[in-house]
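Values in this document were obtained by computation on a predicted structure and should not be read as measured data. Chain letters run A, B, ... following the sequence lines, proteins first, then strands; residues in each count from 1. These values consider heavy atoms only, across backbone and side chains, with no hydrogens, waters or symmetry-generated copies.
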2 protein chains.
Amino acid sequence: MKSRLTIGKLAEAAGVGVETIRFYQRSGLLPEPERPLSGYREYSSDDVRRIRFIERAQTLGFNLEDIAGLLKLDGPQACSVTHDLALEKLHVVEEKIKALDAIRDALQQMVRQCERKHKRGTCPIIQSLVREEAKG
Amino acid sequence: MKSRLTIGKLAEAAGVGVETIRFYQRSGLLPEPERPLSGYREYSSDDVRRIRFIERAQTLGFNLEDIAGLLKLDGPQACSVTHDLALEKLHVVEEKIKALDAIRDALQQMVRQCERKHKRGTCPIIQSLVREEAKG
DNA sequence: GTAATCTCCGTACATGAGTGCGGAGTCAAG
DNA sequence: CTTGACTCCGCACTCATGTACGGAGATTAC
């Protein structure tokens, strides 16, 4: 089941370009793969999932450095390190969820208002992300 | 209460650089401000909120083009246009929330496992974002 | 009313995240 | 065993998102 993939097959399976994979490797987001025969990189289906994770995480506003941090949680570290890192990331994620919840509520409100043919008042969307800015 | 701001004051209030504001204006994210005296841009506190919205939305994985779309919901459009756009954006936001929920759950699980001094099995974080990829 | 500060503008530079190029080596099908 | 596709590598290029520069004009503080 752990099919061995060349870089081209991996790229296709993960929906990215070959160059992107080489770039991720250089950036430390993908581990150095084995290179048994002739120096060609040899990947597994785990790497497909890893790349998909990277792509998704990017759409959630994490940059590659953030993502490297998240991926470190995948390796075999001391539990205390993992714990602290996970907790820190958890914080960030919860903040993002809150902000997105606010946008979602604002969008739902707009949709409802429109469907009732009300004239809209002021747009709630901007307001949705403004609160709590002062407290920092 | 609608204090008039110079570009410098606005930048300070919103926590960005002056050049960033000019850049956002060029990019159509901020409307052309009035320029009564001498051609200096004159802003209001609404613009502070608008810029904060832009900054926050960026951390949620929206690029400037996406954000321009969201900000269009602020203007006075035909209700049908607003409705459709809002519904579309709502979809995107809900997907993001789902993905972040999955990451959050994975992180919580890791934190709990660590706190119980269990040896961790395979890392749940990557798995959190992988499901449903095949269906697209 | 002058010096310091701010703003104007266009343009150039910087950074993050890829994308492409070209020549050489490797693999797989016929 | 040749031919075409694939891979190797380093390096140059692109695109989005800002940032910085520099000279000229406006404003404000003294």
Original post:
Got a sec, which residues hit side-chain hydrogen bond (donor to acceptor under 3.5 Å, both in side chains) with B:Gln108, two or more places apart in sequence or on another chain?
Top reply: none
Quick one: which protein N/O atoms are closer than 3.5 Å to N/O atoms of nucleotides 19-21 of chain C? Pair and distance per line, please.
| residue | atom | partner | partner atom | Å |
| --- | --- | --- | --- | --- |
| C:dT19 | OP2 | A:Thr20 | OG1 | 2.7 |

**OP:** Go through residues 58-67 of chain B and report each residue with a non-hydrogen atom lying under 4.0 Å from DNA chain D, sorted by number.
**Re:** B:Gln58, B:Asn63, B:Leu64
Original post:
Base, sugar-phosphate, or nothing for A:Thr6, non-hydrogen atoms under 4.0 angstrom?
Top reply: sugar-phosphate
**OP:** Could you list the residues that satisfy salt bridge (Lys or Arg N to Asp or Glu O under 4.0 Å) with A:Asp101, not counting sequence neighbours?
**Re:** A:Arg104
Original post:
Say you draw a straight line from NZ of A:Lys98 to CG of A:Leu100; how long is it, rounded to the nearest 0.5 Å?
Top reply: 12.5 Å
Subject >> Nearest-0.5 Å distance, NZ of residue A:Lys96 to OG1 of residue B:Thr59 >> reply: 5.0 Å
Original post:
Side-chain contact, heavy-atom cut-off 4.5 Å: A:Arg52 with A:Arg49?
Top reply: no
Subject >> Set of side-chain contact (heavy atoms from CB on, under 4.5 Å) partners for B:Asp66, sequence neighbours left out >> reply: B:Phe62, B:Asn63, B:Lys89
Subject >> Nucleotides bounding contact with chain B, strand DNA chain D, heavy-atom threshold 4.0 Å >> reply: D:dT17 to D:dT27
**OP:** Figure out the CD/C1' separation between B:Glu12 and C:dC6, and round it to whole Å.
**Re:** 13 Å
**OP:** Could you check A:Glu55 against B:Arg41 and say which one's nearest nucleotide on DNA chain C is further toward the 5' end?
**Re:** B:Arg41
Original post:
What residues, two or more places apart in sequence or in another chain, satisfy salt bridge (Lys or Arg N to Asp or Glu O under 4.0 Å) together with B:Glu94?
Top reply: none
**OP:** Rounded to the nearest angstrom, tell me the gap between atom CD in B:Gln25 and atom C1' in C:dT7.
**Re:** 13 Å
Dump the pairs, protein N or O against N or O of nucleotides 27-30 of chain C, anything under 3.5 Å, distances to one decimal.
| residue | atom | partner | partner atom | Å |
| --- | --- | --- | --- | --- |
| C:dC27 | OP1 | A:Ser38 | OG | 3.1 |

**OP:** Output every pair passing side-chain hydrogen bond (donor to acceptor under 3.5 Å, both in side chains) with a member in residues 27-38 of chain B, not counting sequence neighbours, ordered by first then second residue.
**Re:** B:Gln25-B:Glu32
**OP:** Could you tell me whether the side chain of B:Leu73 reaches within less than 4.5 Å of the side chain of A:Leu107, counting heavy atoms only?
**Re:** yes
Original post:
Atom CD1 of A:Ile7 to atom C1' of C:dG18: distance rounded to whole Å?
Top reply: 14 Å
**OP:** Could you list the residues that satisfy salt bridge (Lys or Arg N to Asp or Glu O under 4.0 Å) with B:Asp105, not counting sequence neighbours?
**Re:** none
Original post:
Who pairs with A:Glu88 by salt bridge (Lys or Arg N to Asp or Glu O under 4.0 Å), at least two apart in sequence or on another chain?
Top reply: none
**OP:** Mind checking side-chain hydrogen bond (donor to acceptor under 3.5 Å, both in side chains) for A:Tyr40 and listing every partner two or more places apart, or none if nothing turns up?
**Re:** none
Original post:
Mind checking whether B:Phe23 and B:Leu64 have side chains closer than 4.5 Å, heavy atoms only?
Top reply: yes
